[in-house]
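Note that ligands are numbered from 1 as they come in the structure, with each ligand's atoms numbered from 1 the same way. Source: prediction; values computed, not measured.
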Amino acid sequence: MAKLSVRDLDTQGKRVLMRVDYNVPMEEKSGVMVINDTTRIKETLPTLQLLISKGARIVLAAHLGRPDGKREASMSLKPVAEKLAEMLGRPVQFVDETVGEKAEAAVAALKDGEILVLENVRFAAEEEENDPVFAARLARLADIYVNDAFGAAHRAHASTSGAARILKAWGKPCAAGLLMERELKFLGDELDHPVRPFVVILGGAKVSDKIKVIDSLLEKADTILIGGAMAYTFKLAHGGKTGKSLIEKDHTGTALAAEAKAKAKNVAFHLPSDTVVATPVATGKLNKKGKPVFEFVEPRVVEGDIPDDAEGFDIGPKTAAAYAEIVAGAKTILWNGPMGMFEDERFATGTVAVAKALAAVTEKGAKTIIGGGDSVKAINKAKLGDKVTFMSTGGGASLEFLEGISLPGVTALDDK
Ligand code: 3PG
Ligand code: MG
């Protein structure tokens with residue numbers, strides 16, 4: 001059901017508690033925390049601009065990292081608030097507390113159209129526990145609740161769910177932000193009622209991680225294309241040799257069941273016909289986690305069985321061409337999960353071929369939707385991010401949503 005929208009609200013002079021997903025990748029550079037990717041901040045700007053123009057007093061709540069209920073200097077939202085100010089081109093206030101007297105005073109001092117960022121909600125253990133007292137203290141800061149944090153909507157935490165439920169009980173509106181609406185439109189409505197042919201491209205390392213998504217999309221798609229390391233479990237299930245490739249021996253049955261369901265549902269199900277492999281050689285070094293580091297030598301293309309000494313790292317050129325051709329004939333395409341280990345140039349060809357095919361078919365009028373996580377990283381690496389219809393800001397949230405699970409952060413919002 002459609003959710004109440006931030007557009008439907010009168011926010012003039014009202015305190016709006018807006019949950020955002022500012023869990024952005026950061027890195028320490030000469031003693032300061034630097035943001036490596038500002039996409040999640042950028043994507044909330046339309047909602048913020050709308051609220052500013054409608055005279056709201058905006059209170060932003062977000063988490064950063066997993067500080068486990070403790071104050072962690074490296075996970076403060078202060079640098080994020082500074083970046084937001086820079087991107088918005090207007091001042092943004094910050095208070096180094098999430099709930100409490102200081103936070104309340106800062107909220108009370110807000111004028112119409114001003115923005116305040118609260119400190120990381122996860123500095124309090126009560127956030128992830130969805131503690132009702134903590135949630136009520138958050139709720140007290142607001143007259144209206146807006147959720148634009150699609151990426152955190154799979155978490156039933158105080159700021160994503162508890163506070164909204166309390167505000168709702170107090171008779172206050174709880175609405176979706178513009179980003180939340182877009183995510184629900186593209187990952188939801190557009191895939192529930194796709195313009196056909198609807199092609200799904202799924203990659204990633206494990207069948208077990210993606211099986212629920214495959215299962216759910218088999219109800220909707222016309223064609224499913226499989227890539228990534230999970231293809232090797234399918235190969236094994238068909239009695240093929242997988243060499244040293246990443247496989248899940250316990251999931252060959254899962255793989256075969258998915259194919260059987262595809263057949264029953266008349267969904268075309270494609271597996272790679274060729275593979276880029278390389279030979280792993282131990283370097284004798286250990287990584288940060290104490291695991292041995294390998295070098296991958298002699299990259300080459302094989303058809304059929306993978307040699308005993310080799311490991312699969314990408315779909316081969318024949319598969320890439322076949323997948324690109326299928327994509328070219330589609331009207332709706334969902335992509336989740338890279339085709340190979342694209343972080344290494346030698347194994348990025350299949351993923352880049354898919355990204356290019358998506359960009360080309362978008363130009364011809366098809367809708368192309370990138371289901372978050374590594375596929376977004378991959379398409380951005382190929383510099384084609386602005387050539388597709390929609391890229392989700394969610395990782396785990398997108399996956400759960402595509403599995404058909406209702407997300408606590410979404411269900412907490414008012415229906416229209
Ligand atoms: C994410 O980055 O996936 C979201 O912000 C949720 O973060 P979490 O996995 O730590 O709950
Ligand atoms: Mg996560």
Trainee: Please lay out, stage by stage, how Phe234 and Phe269 fare under the test ring pair (Phe, Tyr, Trp, His ring centres under 6.0 Å).
Mentor: CA-CA 11 Å; Phe234 280 91; Phe269 199 89; 5.6 Å; yes
Trainee: If the condition is side-chain contact (heavy atoms from CB on, under 4.5 Å), which residues does Val293 pass it with, not counting sequence neighbours?
Mentor: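 So Val293 forms a side-chain contact (heavy atoms from CB on, under 4.5 Å) with Thr283, Lys285, Asn287.
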Trainee: Is the shortest distance from a Lys or Arg side-chain nitrogen in Asp148 or Arg19 to a carboxylate oxygen in the other one below 4.0 Å?
Mentor: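 Looking at Arg19 together with Asp148, the answer is no, because their closest N to O distance does not fall below 4.0 Å.
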Trainee: Ligand 1 and His154, any nitrogen or oxygen pair closer than 3.5 angstrom?
Mentor: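 His154 vs ligand 1: no N/O contact under 3.5 Å.
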Trainee: Does CD in Glu325 sit with more than 12 non-hydrogen atoms of other residues, nucleotides or ligands closer than 6.0 Å?
Mentor: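 No, the 6.0 Å shell around CD holds no more than 12 heavy atoms from other groups.
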Trainee: Within the 4.0 Å heavy-atom shell around Arg66, which atoms of ligand 1 are there?
Mentor: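 Going through ligand 1 atom by atom, the ones under 4.0 Å from Arg66 are 8 (P), 9 (O), 10 (O).
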Trainee: Just to check, does Gly151 reach to within less than 4.0 Å of ligand 1 when the distance is taken from its heavy atoms?
Mentor: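 Right, Gly151 reaches ligand 1.
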Trainee: Have a look at Tyr22 and tell me which of Leu64, Ile35, Leu84, Thr38 forms a side chain to side chain contact (heavy atoms under 4.5 Å, CB included) with it.
Mentor: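 Only one option passes, and that is Leu84.
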Trainee: With a heavy-atom distance limit of 4.0 Å, tell me whether Arg40 approaches ligand 1 through its side chain, its backbone, both, or neither.
Mentor: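 Contact part for Arg40 vs ligand 1: side chain (C-beta onward).
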Trainee: State whether the side chain of Lys265 and the backbone N or O of Leu218 hold a donor-acceptor pair below 3.5 Å, judged by distance alone.
Mentor: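 Not confirmed, Lys265 side chain does not pair with Leu218 backbone.
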Trainee: Run down the list Thr393, Val20, Asp21 and name the one with the heavy atom closest to atom 5 (O) of ligand 1.
Mentor: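 The residue whose heavy atom sits nearest atom 5 (O) of ligand 1 is Asp21.
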Trainee: Is there at least one pair of N or O atoms, one from Asn23 and one from ligand 1, spaced under 3.5 Å apart?
Mentor: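 Between Asn23 and ligand 1 (N or O atoms, distance only) the closest approach is under 3.5 Å.
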Trainee: Within the structure, is a non-hydrogen atom of Arg122 found at a distance of less than 4.0 Å from ligand 1?
Mentor: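 Per 4.0 Å heavy-atom rule, Arg122 contacts ligand 1.
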Trainee: For ligand 1, which atoms, with element, lie under 4.0 Å from some heavy atom of Arg155?
Mentor: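 Ligand 1 atoms under the 4.0 Å threshold to Arg155: 8 (P), 9 (O), 11 (O).
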